[in-house]
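Working notes, beginning with the structure itself.
Starting from 1, each residue takes its place in the sequence as its number. Just so you know, these numbers use all the heavy atoms, side chains as well, and skip hydrogens, waters and symmetry mates. Counting starts at 1 for both ligands and their atoms, in listed order.
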Amino acid sequence: MGPDTENNGDSVASKLFGTLNGFMRKFLFRILSVGPVPNHLAFILDGNRRYAKKWKLQEGTGHKCGFWALMSILKYCNELGVKYVTIYAFSIDNFKRRPNEVQYVMDLMHEKIEGLLKEESIMNQYGVRVYFIGNLKLLPERVRVVAEKAMKATENNKNTVLLICVAYTSTDEIVHAAQESCQHEWDEIQAMKASESNDGGEIISNENQEEHRFINLVDLEKYFYMGVAPDVDILFRTSGETRLSNFLLWQTSTCLLYSPRALFPELGLRHLVWSVLNFQRVYPYLERRRKQV
Ligand SMILES: CC(C)=CCC/C(C)=C/CC/C(C)=C/COP(=O)(O)OP(=O)(O)O
């Protein structure tokens, strides 16, 4: 059977099948919830173009199918009780791709984000709060504006948090956090000096100065774009690839890496269930590692 590139599931048969599927899925998720359910899943969306090639579609249609796969995964995560879902939608390096591909993905993002703003969108149906994560200044103005609108429009949604990394790389995030943290320290030292001279020359204690000389872990994490989410529990990279490609290097130190052979648009329920079962198998080990950090 070929791919459903427009996500049309409107026939009576497909609706009936969808309802049946929904019941079975909820039953399956009940059983899975007996064990620990991961709190944060992250996805490197790999294989959209290969999917288009495989089915002899236009390259951009592969990205479109990737978007529909993402919506299904988001729905399953919501039903299973996974709180945070992060996706690597576009890296800073992706801007080096052919201009017409960059343009296509930006247009698709713009169109889909506008769709997410609609009343009947999955974001509102499922109570999903959206964050756009990364150096958003690098985005075309119209995409940035609609992204900011979507963050504002969903800020009161409470069920699942969707973090969309665009114009993102992990090293850029770390540099940004270090710069912000240094700036904050510098501002504090200047404020202390100013109050010292106002107080008629009271000397800043050595301890106080020491405290302000080093950036510590907690400070740095405060300034991460990803600071709104906890560390990742399972990192998916589709297409059987096992590279991290500069994605969430800081937040994945104690997670399970899962790389199914499926291309991203082929990612489905069975992959999610299998990854959660694997997570439950290694959970005691991950927990021990986390307590040691
Ligand atoms: C609003 C919103 C969340 C939109 C998301 C749109 C979307 C699915 C973007 C993915 C873009 C991308 C560079 C995918 C990687 O596949 P690839 O091109 O690297 O495929 P390949 O590995 O086969 O070359």
Side-chain angles (χ1 to χ4, degrees), residues 3-7 41-75 77-78 84-118 121-124 126 128-134 136 138-140 142-151 153-154 157 160-169 235-248 259-268:
D4 177 6
T5 54
E6 291 302 328
N7 201 36
L41 303 188
F43 296 86
I44 299 178
L45 319 184
D46 211 3
N48 289 334
R49 290 183 300 188
R50 273 169 280 172
Y51 181 80
K53 215 171 180 182
K54 180 172 159 183
W55 291 100
K56 299 190 174 50
L57 303 166
Q58 284 184 339
E59 194 174 277
T61 312
H63 293 311
K64 248 190 192 171
C65 294
F67 177 80
W68 292 122
L70 171 67
M71 290 300 110
S72 300
I73 292 286
L74 186 60
K75 189 168 95 175
C77 286
N78 179 285
Y84 296 89
V85 176
T86 302
I87 60 155
Y88 203 8
F90 205 79
S91 77
I92 292 179
D93 299 325
N94 286 151
F95 282 109
K96 294 181 201 141
R97 289 187 174 193
R98 279 179 289 109
N100 61 348
E101 191 193 340
V102 175
Q103 175 77 36
Y104 184 90
V105 176
M106 290 299 141
D107 287 347
L108 177 68
M109 260 188 221
H110 186 264
E111 178 197 321
K112 296 302 176 196
I113 303 168
E114 275 198 325
L116 298 181
L117 282 168
K118 291 192 182 134
S121 81
I122 182 170
M123 302 298 136
N124 294 318
Y126 287 84
V128 179
R129 178 169 189 175
V130 187
Y131 285 97
F132 285 85
I133 302 287
L136 304 188
L138 299 179
L139 292 174
R142 68 203 166 91
V143 179
R144 196 177 61 246
V145 168
V146 78
E148 276 159 6
K149 256 195 206 163
M151 288 194 271
T154 59
N157 290 352
T160 310
V161 179
L162 173 64
L163 302 112
I164 303 176
C165 295
V166 279
Y168 174 91
T169 56
L235 173 62
F236 289 68
R237 177 157 193 162
T238 45
S239 316
E241 305 281 356
T242 46
R243 290 168 289 120
L244 291 180
S245 299
N246 211 343
F247 182 51
L248 306 183
S259 54
R261 290 249 291 279
L263 304 172
F264 188 75
E266 296 166 345
L267 196 72

(request) Below 4.0 angstrom from a heavy atom of Asp46, which ligand 1 atoms are there? Numbered from 1 as shown, please. (result) 19 (O), 22 (O)

(request) Go through the structure and list residues passing salt bridge (charged side-chain N to carboxylate O under 4.0 Å, His left out) with Glu241, not counting sequence neighbours. (result) Arg50, Arg243

(message) Using a 6.0 Å cut-off, check whether atom CD of Glu114 has over 12 heavy atoms from anything other than its own residue.
(response) yes

(request) Starting from atom 8 (C) of ligand 1, locate the nearest protein heavy atom and write down its residue, its atom name and how far away it is, to 0.1 Å. (result) His63 O, 3.5 Å

(message) Ring centres under 6.0 Å, that's the criterion: do Phe90 and Phe95 meet it?
(response) yes

(message) For the backbone of Arg237 and the side chain of Ser259, can you confirm whether one donor and one acceptor N or O come within less than 3.5 Å of each other?
(response) no

(message) Below the 3.5 angstrom mark, is there an N/O of Arg49, backbone or side chain, next to an N/O of ligand 1?
(response) yes

(request) Report the residues that fulfil side-chain hydrogen bond (donor to acceptor under 3.5 Å, both in side chains) with Thr238, sequence neighbours left out, ordered by chain and then residue number. (result) none

(message) Within ligand 1, which atoms have a heavy atom of Arg97 less than 4.0 Å away?
(response) 13 (C), 17 (P), 18 (O), 19 (O)

(message) So, regarding Val105 and ligand 1 (criterion: nitrogen or oxygen to nitrogen or oxygen, under 3.5 Å), is there a contact or not?
(response) no

(request) Would you indicate which of Glu101, Lys112, Arg50 comes nearest to atom 23 (O) of ligand 1 when only heavy atoms are counted? (result) Arg50

(message) With a sphere of 6.0 Å drawn around CZ of Arg261, does it hold more than 12 non-hydrogen atoms of other residues, nucleotides or ligands?
(response) no

(request) Ignoring hydrogens, just give me the one of Leu70, Asn48, Leu263, Val166 whose non-hydrogen atom is nearest atom 14 (C) of ligand 1. (result) Asn48

(request) Tell me which part of Leu116 gets within contact of ligand 1: side chain, backbone, both or neither, using heavy atoms under 4.0 Å. (result) neither

(request) Identify, by atom number and element, the atoms of ligand 1 in contact range of Ile87, meaning under 4.0 Å from any of its heavy atoms. (result) 3 (C)

(message) I'd like to know if Asp107 and Lys112 make a salt bridge, using a cut-off of under 4.0 Å between side-chain N and carboxylate O.
(response) no

(message) Give me the residue, atom name and distance of the protein heavy atom closest to atom 11 (C) of ligand 1.
(response) Ala89 O, 3.2 Å

(request) Between Leu45, Asp93, Asn94, Ile113, flag the one that comes closest to atom 1 (C) of ligand 1 by a heavy atom. (result) Ile113

(message) What protein heavy atom lies closest to atom 6 (C) of ligand 1? Include the residue and the distance to one decimal.
(response) Leu108 CD2, 4.0 Å

(message) Any side-chain to backbone donor/acceptor pair from Thr86 onto Ala42? Under 3.5 Å, distance only.
(response) no

(message) Please determine whether a side-chain nitrogen of the Lys or Arg among Lys53 and Glu59 lies less than 4.0 Å from a carboxylate oxygen of the Asp or Glu.
(response) no

(message) To check your reading of the model: name the closest protein heavy atom to atom 4 (C) of ligand 1, its residue, and the distance in Å.
(response) Met109 CG, 3.6 Å

